[in-house]
Amino acid sequence: MARAFAKISFTPDVQAVQAEMGSRMAYRATELGEAETVALSTFEQAFIAERDSFYQATVNQTGWPYVQHRGGPSGFLKVLDERNIGYADFSGNRQYISVGNLRGDDRVSLLLMDYPGRQRLKIWGRARVVDERAEPELLAKLESPDFRAPVERGIVIRVEAFDWNCPKYITPRYNQKQVEALLAQARSQPVAEEKPIPRTLGTGALPLTISGIRQLTPRVRAYELHHADGEPLPAYRAGAHLRVPIALPDGSLTGRAYSLTDAPGDPDCYRIAVLRVQDGDGGSRALQDCWQLGIRINIDAPENYFPLHDDDRQALLIAGSIGITPIKAMAEALAARGMDFQLHYTGRTPHEMAFVKDLQRRFPDRCRFYFSRSQNPTRLDVSALLGRLSDETVIYVCGPTRLIESVRQSARRLGIADERVQFESFI
């Protein structure tokens, strides 16, 4: 939680209620020190650029708040730079309540919703009206060429603070385009003869029970595994994986390895995340189709062919797509040790990338995100990144083969020793 947000929101009255309800001490630390320099990261910028609506609050001369829904094509709320956003104000019912309120008080609060992804971004800022006669070039930047609603003015907001809400109580909702995509995906799936799902899978010596299932993205599903008999689980190090049993549609049993996604420290729970690959060999699809709450899997203890170093050298963590799973555990382990690290995570869009919001919230100064298919694409420059490293930094990369090869080849060109580049492919 950012200090700028706390300093705006936690007024004396709010602090008094927090004290009465017992949460004051938990939030007090967020107010200490000077407010940070507010800047929208690539993650916030991509999230904003994908919205097709938001809610905006202003305050009138008598102190009453007014909340207005603003809508348009995806991307109509423009990111001008890391501190300023804006939109074209389309002609409406001509009440002009928000515009009138801004004449007396330029403060606004925005709530941006992602209902399918169960995310919401809160923004506080100061707004000003952009007139076409005075600033035609700026207004042109705010317009959406493919949207033909008449534009009366522009609104530019200088961001003073922002914060992410937890997903609790956000009911998933889908627009027509998303529903049609889901229906098309469902229709493309072959109808197979249903077979009874076995309640026990595998023959390993470690009995686990599937105790939690969570959908992280449309294709990535997370699983929590507890000891079937309530005993402590074998310890592991960041980078470790589990080889788990999967029942295929034809009734045969196979196995796949999946990285443990959390740093070591919880003796009661293992967590993995599985990307559903439609054109793969069928293992991930079968796992997501057959793994249900309460199923028992008998496996071997975790193995680790991608271990994290134990000394005090800096670490550079690079992840692509579902390759974030062991990298996330490494970031958490390094943070727990007080070690210096950077994390660079690349994917198609924030909506498709597991753990991206959690990482942004926990390590805002250590993470960079790259989105190749967002409205404002950003790409990871591997050579430039490696060229800035110290001579002792250890590099860890996990993801698609092309990403791993790009890192290895760039490292060789820069004279970085092979032993400093540790890698693991997720395919």
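None of the values given here were measured: they were computed from a predicted structure. Every heavy atom of this structure was used, including side-chain atoms; hydrogens, water molecules and symmetry mates were not.
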* To do: Establish, yes or no, whether a centroid distance under 6.0 Å links the rings of Tyr258 and His241.
  =>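 Ring-ring flag for Tyr258/His241: false, centres at least 6.0 Å apart.
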Charged N-O contact under 4.0 Å between [X] and [Y]:
{"X": "Arg408", "Y": "Glu405", "value": "yes"}
{"X": "Asp266", "Y": "Arg271", "value": "yes"}
{"X": "Glu332", "Y": "Arg362", "value": "yes"}
{"X": "Asp163", "Y": "Arg120", "value": "no"}
{"X": "Lys141", "Y": "Glu137", "value": "no"}

* To do: Mind jotting down which residue pairs meet the salt bridge (Lys or Arg N to Asp or Glu O under 4.0 Å) criterion with at least one end in residues 71-83? Sequence neighbours excluded, please.
  => Arg83-Glu160
Indicate whether the side chain of [X] and that of [Y] have a donor and an acceptor atom separated by less than 3.5 Å.
{"X": "Thr11", "Y": "Asp13", "result": "no"}
{"X": "His226", "Y": "Glu224", "result": "no"}
{"X": "Arg107", "Y": "Ser109", "result": "no"}
{"X": "Thr217", "Y": "Glu352", "result": "no"}
{"X": "Ser98", "Y": "Gln68", "result": "yes"}
{"X": "Ser41", "Y": "Glu44", "result": "yes"}

* **Close side-chain approach of Arg402 to Ile404, heavy-atom, < 4.5 Å** =>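 Not touching, per the 4.5 Å side-chain cut-off.
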* To do: Kindly indicate whether the side chain of Phe306, heavy atoms from C-beta on, has any atom under 4.5 Å from the side chain of Gln422.
  => yes
Parallel, tilted or perpendicular: which fits the ring planes of [X] and [Y], with parallel below 30° and perpendicular above 60°?
{"X": "Tyr236", "Y": "Tyr270", "result": "perpendicular"}
{"X": "Phe43", "Y": "Phe369", "result": "tilted"}
{"X": "Phe76", "Y": "Phe54", "result": "parallel"}

* Structure fact -> Contacts satisfying ring-ring contact (aromatic ring centres under 6.0 Å, His included) that involve residues 94-138 (not counting sequence neighbours) are Phe5-Trp124
* **Partners meeting side chain to side chain donor-acceptor pair (under 3.5 Å) with Tyr87 (sequence neighbours left out)** =>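 Side chain to side chain donor-acceptor pair (under 3.5 Å) list for Tyr87, sorted by chain: Gln56.
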